[in-house]
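Notes to accompany the following structure.
Every chain is numbered from 1, with letters handed out A, B, ... down the list of sequences.
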Number of protein chains: 2
Amino acid sequence: MLYIIGLGLGDEKDITCKGLEAVKKADRVYLEEYTSILTVGKRALEAFYERDDLIVADRELVEQGDEILRDADSADVAFLVVGDPFGATTHSDLALRAKNANIRCRIIHNASIMNAIGCTGLQLYSFGETVSIPFWTETWQPDSFYDKIIGNLSRGLHTLCLLDIKVKEPTLESLTRKKREYEPPRFMTVNQAASQLLQIIEQKQSTELSTEKRLSAESVCIAVSRVGSSDQKMVSTTLKQMTDVEMGPPLHSLVIAGTLHPLEQEYISEFAL
Amino acid sequence: MLYIIGLGLGDEKDITCKGLEAVKKADRVYLEEYTSILTVGKRALEAFYERDDLIVADRELVEQGDEILRDADSADVAFLVVGDPFGATTHSDLALRAKNANIRCRIIHNASIMNAIGCTGLQLYSFGETVSIPFWTETWQPDSFYDKIIGNLSRGLHTLCLLDIKVKEPTLESLTRKKREYEPPRFMTVNQAASQLLQIIEQKQSTELSTEKRLSAESVCIAVSRVGSSDQKMVSTTLKQMTDVEMGPPLHSLVIAGTLHPLEQEYISEFAL
(Lines give C-alpha, C1' and ligand atoms only; values in the text may rest on other atoms or scores of the structure.)
Protein backbone atom coordinates (compact mmCIF):
# COMPACT_ATOMS: atom_id res chain seq x y z
CA MET A 1 0.00 0.00 0.00
CA LEU A 2 1.19 3.51 -0.84
CA TYR A 3 0.10 6.17 1.66
CA ILE A 4 0.35 9.75 0.44
CA ILE A 5 0.13 11.77 3.63
CA GLY A 6 -0.33 15.51 4.01
CA LEU A 7 1.67 17.08 6.86
CA GLY A 8 -0.30 20.30 7.00
CA LEU A 9 1.38 23.67 7.23
CA GLY A 10 2.97 24.36 10.59
CA ASP A 11 5.18 21.95 12.46
CA GLU A 12 5.51 18.23 13.29
CA LYS A 13 2.24 18.18 15.25
CA ASP A 14 0.12 19.21 12.27
CA ILE A 15 0.01 15.67 10.90
CA THR A 16 -3.38 13.99 11.48
CA CYS A 17 -3.76 11.09 13.91
CA LYS A 18 -4.61 8.91 10.90
CA GLY A 19 -1.45 10.06 9.15
CA LEU A 20 0.72 9.45 12.21
CA GLU A 21 -0.66 5.93 12.56
CA ALA A 22 0.28 5.16 8.94
CA VAL A 23 3.76 6.66 9.36
CA LYS A 24 4.45 4.61 12.47
CA LYS A 25 3.61 1.29 10.82
CA ALA A 26 5.12 1.99 7.37
CA ASP A 27 8.08 -0.05 6.16
CA ARG A 28 9.62 2.95 4.41
CA VAL A 29 8.87 6.67 4.84
CA TYR A 30 9.79 9.31 2.25
CA LEU A 31 9.72 13.03 2.95
CA GLU A 32 9.18 15.40 0.03
CA GLU A 33 10.85 18.72 0.78
CA TYR A 34 11.11 20.56 -2.53
CA THR A 35 7.60 21.90 -3.24
CA SER A 36 7.07 23.34 0.24
CA ILE A 37 8.57 23.31 3.76
CA LEU A 38 7.36 23.21 7.35
CA THR A 39 8.78 25.47 10.05
CA VAL A 40 10.67 22.41 11.35
CA GLY A 41 12.98 19.96 9.57
CA LYS A 42 13.46 16.22 9.23
CA ARG A 43 14.95 15.81 12.74
CA ALA A 44 11.86 17.21 14.47
CA LEU A 45 9.61 14.96 12.40
CA GLU A 46 11.71 11.89 13.21
CA ALA A 47 11.62 12.69 16.93
CA PHE A 48 7.84 13.08 16.85
CA TYR A 49 7.31 9.91 14.79
CA GLU A 50 9.73 7.98 17.03
CA ARG A 51 11.66 6.67 14.06
CA ASP A 52 15.04 7.77 12.67
CA ASP A 53 14.86 6.54 9.11
CA LEU A 54 13.03 9.20 7.09
CA ILE A 55 14.28 9.29 3.51
CA VAL A 56 14.39 12.76 1.95
CA ALA A 57 12.94 12.51 -1.54
CA ASP A 58 14.16 15.10 -4.01
CA ARG A 59 12.48 15.95 -7.30
CA GLU A 60 14.46 13.37 -9.28
CA LEU A 61 13.54 10.53 -6.95
CA VAL A 62 9.85 11.47 -6.92
CA GLU A 63 9.47 12.07 -10.63
CA GLN A 64 11.32 8.88 -11.47
CA GLY A 65 9.01 7.07 -9.03
CA ASP A 66 10.24 3.47 -9.21
CA GLU A 67 12.25 3.57 -5.99
CA ILE A 68 9.29 4.91 -4.00
CA LEU A 69 6.88 2.33 -5.42
CA ARG A 70 9.32 -0.59 -5.03
CA ASP A 71 7.55 -3.57 -3.38
CA ALA A 72 4.64 -1.30 -2.41
CA ASP A 73 2.21 -4.05 -3.41
CA SER A 74 3.36 -6.02 -0.37
CA ALA A 75 5.13 -3.43 1.82
CA ASP A 76 3.64 -0.24 3.30
CA VAL A 77 5.26 2.88 1.92
CA ALA A 78 4.48 6.35 3.27
CA PHE A 79 5.15 9.44 1.17
CA LEU A 80 4.96 12.65 3.21
CA VAL A 81 4.02 15.93 1.59
CA VAL A 82 3.90 19.37 3.22
CA GLY A 83 0.33 20.70 3.03
CA ASP A 84 -2.18 18.44 1.28
CA PRO A 85 -1.08 15.50 -0.91
CA PHE A 86 -2.46 16.97 -4.12
CA GLY A 87 -1.09 20.48 -3.88
CA ALA A 88 1.54 19.68 -6.51
CA THR A 89 1.02 17.96 -9.87
CA THR A 90 3.87 15.56 -9.17
CA HIS A 91 1.89 13.77 -6.51
CA SER A 92 -1.20 12.94 -8.51
CA ASP A 93 1.28 11.59 -11.04
CA LEU A 94 2.71 9.30 -8.33
CA ALA A 95 -0.79 8.12 -7.39
CA LEU A 96 -1.49 7.37 -11.06
CA ARG A 97 1.73 5.36 -11.39
CA ALA A 98 0.73 3.36 -8.33
CA LYS A 99 -2.70 2.60 -9.81
CA ASN A 100 -1.15 1.52 -13.10
CA ALA A 101 1.15 -0.84 -11.20
CA ASN A 102 -1.81 -2.27 -9.26
CA ILE A 103 -0.54 -0.82 -6.00
CA ARG A 104 -3.28 0.32 -3.66
CA CYS A 105 -3.01 3.99 -2.78
CA ARG A 106 -4.49 5.78 0.21
CA ILE A 107 -4.58 9.57 0.46
CA ILE A 108 -4.54 11.16 3.91
CA HIS A 109 -5.58 14.77 3.53
CA ASN A 110 -4.48 17.81 5.49
CA ALA A 111 -4.61 21.59 5.37
CA SER A 112 -2.97 23.34 2.45
CA ILE A 113 -2.45 27.03 1.89
CA MET A 114 -5.34 26.83 -0.61
CA ASN A 115 -7.82 26.54 2.26
CA ALA A 116 -5.79 27.76 5.27
CA ILE A 117 -5.63 31.18 3.61
CA GLY A 118 -9.11 31.56 5.13
CA CYS A 119 -7.13 32.60 8.25
CA THR A 120 -7.02 36.09 6.70
CA GLY A 121 -10.78 36.34 7.22
CA LEU A 122 -11.30 36.47 3.45
CA GLN A 123 -14.04 34.06 2.39
CA LEU A 124 -12.79 31.05 0.43
CA TYR A 125 -15.89 31.35 -1.79
CA SER A 126 -14.65 34.75 -2.92
CA PHE A 127 -11.32 33.56 -4.28
CA GLY A 128 -10.81 33.14 -8.01
CA GLU A 129 -8.11 31.04 -9.55
CA THR A 130 -4.83 30.72 -7.65
CA VAL A 131 -1.64 31.95 -9.30
CA SER A 132 2.05 31.18 -8.89
CA ILE A 133 4.61 33.97 -9.02
CA PRO A 134 8.02 32.69 -10.17
CA PHE A 135 11.41 34.23 -9.49
CA TRP A 136 12.40 36.42 -12.43
CA THR A 137 15.83 36.26 -13.98
CA GLU A 138 17.42 38.86 -16.23
CA THR A 139 16.21 37.07 -19.32
CA TRP A 140 13.05 35.32 -18.09
CA GLN A 141 10.31 37.52 -16.71
CA PRO A 142 6.95 35.81 -17.30
CA ASP A 143 3.86 37.77 -16.29
CA SER A 144 0.90 35.55 -17.13
CA PHE A 145 -0.14 35.58 -13.46
CA TYR A 146 -0.93 39.29 -13.87
CA ASP A 147 -3.73 38.62 -16.37
CA LYS A 148 -5.20 36.01 -14.05
CA ILE A 149 -5.19 38.48 -11.13
CA ILE A 150 -6.92 41.05 -13.37
CA GLY A 151 -9.44 38.39 -14.42
CA ASN A 152 -10.24 37.71 -10.78
CA LEU A 153 -10.40 41.42 -9.86
CA SER A 154 -12.80 42.12 -12.71
CA ARG A 155 -15.20 39.65 -11.09
CA GLY A 156 -14.60 41.03 -7.60
CA LEU A 157 -12.63 37.93 -6.56
CA HIS A 158 -9.54 37.65 -4.36
CA THR A 159 -6.35 36.04 -5.67
CA LEU A 160 -4.06 33.80 -3.69
CA CYS A 161 -0.51 34.17 -5.01
CA LEU A 162 1.80 31.26 -4.24
CA LEU A 163 5.39 32.46 -4.17
CA ASP A 164 8.27 30.62 -5.77
CA ILE A 165 10.47 28.22 -3.83
CA LYS A 166 13.77 26.86 -5.12
CA VAL A 167 15.12 23.93 -3.17
CA LYS A 168 17.92 21.72 -4.41
CA GLU A 169 18.09 23.37 -7.83
CA PRO A 170 21.21 22.28 -9.75
CA THR A 171 23.56 25.17 -10.59
CA LEU A 172 23.66 26.01 -14.30
CA GLU A 173 27.36 25.18 -14.40
CA SER A 174 26.87 21.71 -12.93
CA LEU A 175 24.15 20.68 -15.41
CA THR A 176 26.76 19.52 -17.91
CA ARG A 177 28.92 17.80 -15.32
CA LYS A 178 28.54 14.36 -13.82
CA LYS A 179 28.57 15.63 -10.27
CA ARG A 180 25.61 17.91 -9.62
CA GLU A 181 26.05 20.95 -7.43
CA TYR A 182 23.09 22.73 -5.94
CA GLU A 183 22.17 26.36 -5.36
CA PRO A 184 21.31 27.41 -1.81
CA PRO A 185 17.54 27.22 -1.15
CA ARG A 186 15.58 30.39 -1.95
CA PHE A 187 12.05 31.38 -0.95
CA MET A 188 10.31 34.35 -2.51
CA THR A 189 9.32 37.03 -0.02
CA VAL A 190 6.14 39.09 -0.31
CA ASN A 191 8.46 42.05 -0.92
CA GLN A 192 9.89 40.46 -4.04
CA ALA A 193 6.43 39.41 -5.26
CA ALA A 194 5.03 42.92 -4.73
CA SER A 195 8.02 44.45 -6.45
CA GLN A 196 7.59 42.20 -9.53
CA LEU A 197 3.87 43.05 -9.64
CA LEU A 198 4.63 46.78 -9.47
CA GLN A 199 7.07 46.43 -12.38
CA ILE A 200 4.40 44.73 -14.47
CA ILE A 201 1.86 47.43 -13.59
CA GLU A 202 4.32 50.10 -14.70
CA GLN A 203 4.90 48.38 -18.05
CA LYS A 204 1.23 47.73 -18.74
CA GLN A 205 -0.17 51.03 -17.48
CA SER A 206 -0.16 52.87 -20.80
CA THR A 207 -2.30 50.25 -22.53
CA GLU A 208 -4.72 49.88 -19.66
CA LEU A 209 -7.66 52.20 -20.17
CA SER A 210 -10.16 51.21 -17.50
CA THR A 211 -9.27 52.41 -14.04
CA GLU A 212 -11.97 50.31 -12.48
CA LYS A 213 -11.00 47.11 -10.74
CA ARG A 214 -7.46 47.35 -12.03
CA LEU A 215 -4.37 46.43 -10.04
CA SER A 216 -2.45 49.45 -8.81
CA ALA A 217 0.16 50.43 -6.24
CA GLU A 218 -2.77 51.28 -3.95
CA SER A 219 -4.53 47.89 -4.24
CA VAL A 220 -5.21 46.18 -0.91
CA CYS A 221 -3.06 43.10 -0.28
CA ILE A 222 -2.61 40.70 2.58
CA ALA A 223 0.70 39.04 3.36
CA VAL A 224 0.86 35.85 5.41
CA SER A 225 3.89 33.93 6.62
CA ARG A 226 4.37 30.58 8.34
CA VAL A 227 0.61 29.88 8.34
CA GLY A 228 -0.36 27.29 10.94
CA SER A 229 2.74 27.73 13.08
CA SER A 230 2.81 29.49 16.43
CA ASP A 231 4.59 32.52 14.97
CA GLN A 232 2.33 32.94 11.96
CA LYS A 233 2.13 36.56 10.81
CA MET A 234 -0.46 38.49 8.79
CA VAL A 235 -0.29 42.06 7.49
CA SER A 236 -2.74 43.95 5.31
CA THR A 237 -1.62 47.05 3.43
CA THR A 238 -1.23 48.42 -0.10
CA LEU A 239 0.76 46.69 -2.81
CA LYS A 240 3.27 49.54 -2.74
CA GLN A 241 3.81 49.27 1.03
CA MET A 242 4.09 45.51 0.66
CA THR A 243 7.55 45.90 -0.87
CA ASP A 244 8.78 47.01 2.57
CA VAL A 245 6.93 44.81 5.07
CA GLU A 246 9.09 42.44 7.14
CA MET A 247 7.38 39.04 7.31
CA GLY A 248 10.26 36.98 8.75
CA PRO A 249 11.34 33.46 7.75
CA PRO A 250 9.59 31.49 4.93
CA LEU A 251 7.09 30.56 3.61
CA HIS A 252 5.34 33.72 2.51
CA SER A 253 2.11 34.00 0.51
CA LEU A 254 0.35 37.06 -0.86
CA VAL A 255 -3.34 37.76 -1.39
CA ILE A 256 -4.61 40.46 -3.75
CA ALA A 257 -7.99 41.47 -2.36
CA GLY A 258 -10.98 41.70 -4.67
CA THR A 259 -14.20 43.36 -3.56
CA LEU A 260 -14.20 43.24 0.24
CA HIS A 261 -17.31 42.34 2.22
CA PRO A 262 -17.70 44.53 5.36
CA LEU A 263 -16.91 41.54 7.61
CA GLU A 264 -13.76 40.81 5.58
CA GLN A 265 -12.82 44.49 5.77
CA GLU A 266 -13.21 44.47 9.53
CA TYR A 267 -11.18 41.28 9.87
CA ILE A 268 -8.17 42.45 7.86
CA SER A 269 -8.20 45.87 9.56
CA GLU A 270 -7.17 44.00 12.74
CA PHE A 271 -3.75 43.43 11.21
CA ALA A 272 -3.46 46.49 8.97
CA LEU A 273 -0.02 48.04 8.82
CA MET B 1 -7.84 30.92 24.95
CA LEU B 2 -10.29 30.01 22.20
CA TYR B 3 -9.11 27.19 19.97
CA ILE B 4 -10.95 26.84 16.67
CA ILE B 5 -10.00 23.37 15.51
CA GLY B 6 -10.58 21.78 12.11
CA LEU B 7 -11.56 18.09 12.22
CA GLY B 8 -10.80 17.37 8.58
CA LEU B 9 -13.19 15.42 6.41
CA GLY B 10 -13.31 11.73 7.21
CA ASP B 11 -13.65 10.30 10.71
CA GLU B 12 -12.44 10.86 14.27
CA LYS B 13 -8.80 10.15 13.35
CA ASP B 14 -8.58 13.04 10.89
CA ILE B 15 -7.99 15.58 13.64
CA THR B 16 -4.35 16.74 13.79
CA CYS B 17 -2.11 15.80 16.71
CA LYS B 18 -1.99 19.51 17.60
CA GLY B 19 -5.78 19.65 17.55
CA LEU B 20 -6.14 16.54 19.69
CA GLU B 21 -3.72 17.95 22.26
CA ALA B 22 -5.84 21.12 22.54
CA VAL B 23 -9.10 19.12 22.81
CA LYS B 24 -7.70 16.95 25.59
CA LYS B 25 -6.67 19.87 27.76
CA ALA B 26 -9.64 22.18 27.04
CA ASP B 27 -12.05 23.11 29.83
CA ARG B 28 -15.03 23.04 27.46
CA VAL B 29 -15.36 21.52 23.98
CA TYR B 30 -18.06 22.54 21.49
CA LEU B 31 -18.83 20.56 18.34
CA GLU B 32 -20.35 22.41 15.40
CA GLU B 33 -22.48 20.01 13.38
CA TYR B 34 -24.66 22.16 11.13
CA THR B 35 -22.40 23.37 8.30
CA SER B 36 -20.90 19.94 7.58
CA ILE B 37 -20.65 16.42 9.03
CA LEU B 38 -18.07 13.67 9.39
CA THR B 39 -18.82 10.01 8.63
CA VAL B 40 -18.94 9.44 12.40
CA GLY B 41 -20.91 11.20 15.12
CA LYS B 42 -20.34 12.73 18.55
CA ARG B 43 -19.97 9.35 20.31
CA ALA B 44 -17.02 8.25 18.15
CA LEU B 45 -15.31 11.59 18.71
CA GLU B 46 -15.81 11.36 22.46
CA ALA B 47 -14.39 7.85 22.55
CA PHE B 48 -11.33 8.94 20.58
CA TYR B 49 -10.77 12.07 22.69
CA GLU B 50 -11.28 10.09 25.90
CA ARG B 51 -13.80 12.59 27.21
CA ASP B 52 -17.59 12.36 27.40
CA ASP B 53 -18.58 16.00 27.62
CA LEU B 54 -18.71 17.33 24.05
CA ILE B 55 -21.34 20.06 23.70
CA VAL B 56 -23.15 20.10 20.37
CA ALA B 57 -23.34 23.72 19.19
CA ASP B 58 -26.23 24.55 16.90
CA ARG B 59 -26.45 27.64 14.72
CA GLU B 60 -28.18 29.72 17.39
CA LEU B 61 -25.54 29.01 20.01
CA VAL B 62 -22.67 29.77 17.60
CA GLU B 63 -24.13 32.92 16.09
CA GLN B 64 -25.08 34.26 19.48
CA GLY B 65 -21.51 33.49 20.60
CA ASP B 66 -21.54 34.61 24.26
CA GLU B 67 -21.90 31.15 25.76
CA ILE B 68 -18.95 29.80 23.75
CA LEU B 69 -16.72 32.75 24.68
CA ARG B 70 -17.72 32.74 28.34
CA ASP B 71 -14.60 32.95 30.56
CA ALA B 72 -12.41 32.14 27.55
CA ASP B 73 -9.93 34.78 28.69
CA SER B 74 -9.01 32.51 31.59
CA ALA B 75 -10.36 29.06 30.55
CA ASP B 76 -9.43 27.04 27.46
CA VAL B 77 -12.37 26.59 25.12
CA ALA B 78 -12.19 24.36 22.03
CA PHE B 79 -14.61 24.84 19.15
CA LEU B 80 -14.57 21.93 16.70
CA VAL B 81 -15.45 22.42 13.07
CA VAL B 82 -15.71 19.75 10.36
CA GLY B 83 -13.16 20.52 7.62
CA ASP B 84 -11.10 23.66 8.15
CA PRO B 85 -12.07 26.33 10.71
CA PHE B 86 -12.71 29.04 8.13
CA GLY B 87 -14.84 27.11 5.67
CA ALA B 88 -17.97 28.90 6.93
CA THR B 89 -18.43 32.65 7.49
CA THR B 90 -19.81 32.06 10.96
CA HIS B 91 -16.45 30.98 12.27
CA SER B 92 -14.42 33.98 11.22
CA ASP B 93 -17.18 35.95 12.91
CA LEU B 94 -16.55 33.99 16.13
CA ALA B 95 -12.80 34.66 15.87
CA LEU B 96 -13.54 38.36 15.42
CA ARG B 97 -15.80 38.44 18.48
CA ALA B 98 -13.02 36.80 20.49
CA LYS B 99 -10.51 39.41 19.36
CA ASN B 100 -12.90 42.22 20.23
CA ALA B 101 -13.32 40.72 23.71
CA ASN B 102 -9.53 40.46 24.11
CA ILE B 103 -9.67 36.68 24.12
CA ARG B 104 -6.71 35.06 22.46
CA CYS B 105 -7.67 32.82 19.57
CA ARG B 106 -5.69 30.00 18.03
CA ILE B 107 -6.68 28.40 14.71
CA ILE B 108 -5.72 24.77 14.11
CA HIS B 109 -6.10 24.08 10.41
CA ASN B 110 -7.13 20.90 8.64
CA ALA B 111 -8.24 19.65 5.24
CA SER B 112 -11.42 21.07 3.77
CA ILE B 113 -13.24 20.02 0.64
CA MET B 114 -11.79 23.18 -0.97
CA ASN B 115 -8.36 21.53 -1.15
CA ALA B 116 -9.17 17.82 -0.69
CA ILE B 117 -11.08 17.96 -3.98
CA GLY B 118 -7.59 17.55 -5.45
CA CYS B 119 -8.25 13.82 -4.83
CA THR B 120 -10.07 13.84 -8.19
CA GLY B 121 -6.74 14.45 -9.90
CA LEU B 122 -7.94 17.87 -11.08
CA GLN B 123 -5.33 20.55 -10.37
CA LEU B 124 -6.30 22.99 -7.63
CA TYR B 125 -4.70 25.77 -9.70
CA SER B 126 -7.29 25.13 -12.39
CA PHE B 127 -10.34 25.75 -10.24
CA GLY B 128 -12.21 29.03 -10.47
CA GLU B 129 -14.54 30.33 -7.83
CA THR B 130 -16.42 27.78 -5.72
CA VAL B 131 -20.23 27.80 -5.80
CA SER B 132 -22.95 26.59 -3.46
CA ILE B 133 -26.04 24.88 -4.83
CA PRO B 134 -29.02 25.31 -2.49
CA PHE B 135 -32.11 23.12 -2.24
CA TRP B 136 -34.85 24.56 -4.39
CA THR B 137 -38.39 24.94 -3.13
CA GLU B 138 -41.49 25.46 -5.23
CA THR B 139 -41.23 29.21 -4.85
CA TRP B 140 -37.50 29.76 -4.39
CA GLN B 141 -35.24 28.56 -7.19
CA PRO B 142 -32.13 30.75 -7.27
CA ASP B 143 -29.66 30.07 -10.09
CA SER B 144 -26.82 32.56 -9.59
CA PHE B 145 -24.39 29.64 -9.26
CA TYR B 146 -25.04 28.86 -12.93
CA ASP B 147 -23.50 32.16 -14.10
CA LYS B 148 -20.46 31.55 -11.92
CA ILE B 149 -19.99 28.08 -13.44
CA ILE B 150 -20.25 29.59 -16.92
CA GLY B 151 -17.75 32.28 -15.90
CA ASN B 152 -15.30 29.59 -14.83
CA LEU B 153 -15.92 27.46 -17.95
CA SER B 154 -15.33 30.43 -20.23
CA ARG B 155 -11.83 30.66 -18.74
CA GLY B 156 -11.25 26.90 -18.92
CA LEU B 157 -11.54 26.53 -15.13
CA HIS B 158 -13.14 23.76 -13.08
CA THR B 159 -15.92 24.53 -10.59
CA LEU B 160 -16.34 22.92 -7.20
CA CYS B 161 -20.04 22.85 -6.31
CA LEU B 162 -20.79 22.54 -2.60
CA LEU B 163 -24.17 20.94 -2.09
CA ASP B 164 -26.73 22.15 0.41
CA ILE B 165 -27.04 20.67 3.87
CA LYS B 166 -29.98 21.28 6.19
CA VAL B 167 -29.38 20.26 9.77
CA LYS B 168 -31.61 21.32 12.62
CA GLU B 169 -33.71 23.66 10.49
CA PRO B 170 -36.82 24.83 12.33
CA THR B 171 -40.07 23.81 10.64
CA LEU B 172 -41.99 26.72 9.14
CA GLU B 173 -44.93 26.00 11.42
CA SER B 174 -42.82 26.15 14.58
CA LEU B 175 -41.23 29.52 13.76
CA THR B 176 -44.14 31.36 15.33
CA ARG B 177 -44.35 29.07 18.36
CA LYS B 178 -42.33 29.14 21.52
CA LYS B 179 -41.24 25.54 21.22
CA ARG B 180 -39.15 25.01 18.08
CA GLU B 181 -39.55 21.82 16.11
CA TYR B 182 -36.95 20.74 13.62
CA GLU B 183 -37.06 19.17 10.17
CA PRO B 184 -35.16 15.92 9.67
CA PRO B 185 -31.60 16.53 8.36
CA ARG B 186 -31.25 16.65 4.58
CA PHE B 187 -28.14 16.49 2.42
CA MET B 188 -28.23 17.29 -1.28
CA THR B 189 -27.13 14.41 -3.51
CA VAL B 190 -25.17 14.88 -6.73
CA ASN B 191 -28.33 13.60 -8.48
CA GLN B 192 -30.39 16.50 -7.16
CA ALA B 193 -27.64 19.01 -7.98
CA ALA B 194 -27.30 17.67 -11.54
CA SER B 195 -31.05 17.71 -11.99
CA GLN B 196 -31.30 21.37 -10.89
CA LEU B 197 -28.46 22.30 -13.24
CA LEU B 198 -30.19 20.52 -16.16
CA GLN B 199 -33.38 22.46 -15.45
CA ILE B 200 -31.48 25.75 -15.56
CA ILE B 201 -29.78 24.75 -18.82
CA GLU B 202 -33.17 24.00 -20.36
CA GLN B 203 -34.58 27.38 -19.35
CA LYS B 204 -31.54 29.36 -20.50
CA GLN B 205 -30.82 27.48 -23.71
CA SER B 206 -32.83 29.72 -26.04
CA THR B 207 -30.99 32.86 -25.00
CA GLU B 208 -27.58 31.27 -25.07
CA LEU B 209 -26.01 31.72 -28.48
CA SER B 210 -22.45 30.53 -28.09
CA THR B 211 -22.08 26.78 -28.06
CA GLU B 212 -18.46 27.01 -27.00
CA LYS B 213 -17.57 26.33 -23.41
CA ARG B 214 -21.19 26.25 -22.37
CA LEU B 215 -22.66 23.92 -19.82
CA SER B 216 -24.69 21.11 -21.37
CA ALA B 217 -26.12 17.71 -20.55
CA GLU B 218 -22.91 16.28 -22.05
CA SER B 219 -20.51 18.34 -19.89
CA VAL B 220 -17.98 16.26 -17.95
CA CYS B 221 -18.59 16.18 -14.19
CA ILE B 222 -17.00 14.41 -11.27
CA ALA B 223 -18.99 13.34 -8.22
CA VAL B 224 -17.26 12.67 -4.90
CA SER B 225 -18.73 11.38 -1.66
CA ARG B 226 -17.36 10.97 1.87
CA VAL B 227 -13.96 12.38 0.88
CA GLY B 228 -11.22 11.37 3.30
CA SER B 229 -13.09 8.37 4.72
CA SER B 230 -12.25 4.76 3.95
CA ASP B 231 -15.31 4.37 1.71
CA GLN B 232 -14.80 7.55 -0.27
CA LYS B 233 -16.24 7.27 -3.78
CA MET B 234 -15.49 9.12 -7.03
CA VAL B 235 -17.29 8.89 -10.37
CA SER B 236 -16.72 10.85 -13.57
CA THR B 237 -19.43 11.02 -16.21
CA THR B 238 -21.69 13.48 -18.03
CA LEU B 239 -24.01 15.91 -16.26
CA LYS B 240 -26.99 14.01 -17.66
CA GLN B 241 -25.76 10.64 -16.34
CA MET B 242 -24.99 12.26 -13.03
CA THR B 243 -28.72 12.40 -12.23
CA ASP B 244 -28.61 8.61 -11.92
CA VAL B 245 -25.31 7.80 -10.22
CA GLU B 246 -25.53 6.19 -6.78
CA MET B 247 -22.97 7.82 -4.49
CA GLY B 248 -24.16 6.44 -1.14
CA PRO B 249 -24.43 8.29 2.19
CA PRO B 250 -23.54 12.04 2.55
CA LEU B 251 -21.71 14.30 2.02
CA HIS B 252 -21.64 14.63 -1.76
CA SER B 253 -19.85 17.26 -3.83
CA LEU B 254 -19.86 17.88 -7.56
CA VAL B 255 -17.18 19.22 -9.87
CA ILE B 256 -17.93 20.67 -13.30
CA ALA B 257 -14.77 20.11 -15.33
CA GLY B 258 -13.30 22.98 -17.32
CA THR B 259 -10.60 22.37 -19.90
CA LEU B 260 -8.93 19.09 -18.95
CA HIS B 261 -5.16 18.64 -19.06
CA PRO B 262 -4.16 15.20 -20.45
CA LEU B 263 -2.95 14.09 -17.01
CA GLU B 264 -6.28 15.16 -15.47
CA GLN B 265 -8.12 13.35 -18.25
CA GLU B 266 -6.17 10.17 -17.55
CA TYR B 267 -6.78 10.45 -13.82
CA ILE B 268 -10.55 10.85 -14.01
CA SER B 269 -10.87 8.10 -16.63
CA GLU B 270 -9.81 5.68 -13.86
CA PHE B 271 -13.21 6.20 -12.24
CA ALA B 272 -15.33 6.94 -15.30
CA LEU B 273 -18.80 5.44 -15.22
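The 12-atom threshold is not exceeded at CZ of Arg43(A), counting heavy atoms of other residues, nucleotides or ligands nearer than 6.0 Å. Within a 6.0 Å sphere centred on CZ of Arg104(B), heavy atoms belonging to other residues, nucleotides or ligands number 12 at most.
No side-chain heavy atom of Phe127(B) sits less than 4.5 Å from a side-chain heavy atom of Thr130(A). Between Ser126(A) and Glu129(B), every side-chain heavy-atom pair lies at or beyond the 4.5 Å cut-off. The shortest side-chain heavy-atom distance between Met114(A) and Ile117(B) does not fall under the 4.5 Å cut-off. Considering only heavy atoms from C-beta on, Ser230(B) comes within 4.5 Å of Arg106(A) through its side chain.
Within the 4.5 angstrom heavy-atom criterion, only backbone atoms of Ser229(B) (N, CA, C, O) approach chain A. When heavy atoms are compared at a cutoff of 4.5 Å, Glu21(B) approaches chain A solely by way of its side chain, counted from C-beta outward. In this structure, chain A has a heavy atom under 4.5 Å from the side chain of Leu162(B), while its backbone stays farther away.
Results of the side-chain contact (heavy atoms from CB on, under 4.5 Å) test with Thr16(A) over Leu20(B), Ile15(B), Asn110(B) single out Asn110(B) as the only residue that passes.
No other option in Ala116(B), Gly128(B), Ser112(B) has as many heavy-atom pairs under 4.5 Å with chain A as Ala116(B). Counting heavy-atom pairs closer than 4.5 Å to chain B, the top residue among Asp11(A), Asp14(A), Ile4(A) is Asp14(A).
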**Prompt:** Passes side chain to side chain contact (heavy atoms under 4.5 Å, CB included), His109(A) versus Val227(B)? Steps please.
**Reply:** CA-CA 9 Å; His109(A) 290 288; Val227(B) 170; 4.0 Å; yes

**Stepwise side chain to side chain contact (heavy atoms under 4.5 Å, CB included) check, Glu266(A) with Asn100(B)** = CA-CA 11 Å; Glu266(A) 188 184 350; Asn100(B) 293 339; 3.7 Å; yes

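For the atom pair Asp84(A) CG and Cys119(B) SG, the distance stands at 8.5 Å (nearest 0.5 Å). Within the model, atoms NE2 of His261(B) and OG of Ser92(A) stand 9.5 Å from one another, a figure rounded to the nearest 0.5 Å. To the nearest 0.5 Å, atoms OH (Tyr125(B)) and OG (Ser132(A)) are separated by 5.0 Å. Here Tyr267(B) contributes atom OH and Leu96(A) contributes atom CG; the two are 6.5 Å apart, rounded to the nearest 0.5 Å.
Nearest heavy atoms, Gly118(B) versus Phe86(A): O-CD1, 2.8 Å. The shortest non-hydrogen separation linking Lys99(B) to Phe271(A) is NZ-CD2, 4.4 Å.
Listed for the Lys18(A) side chain is a donor-acceptor partner under 3.5 Å among the backbone atoms of Gly228(B).
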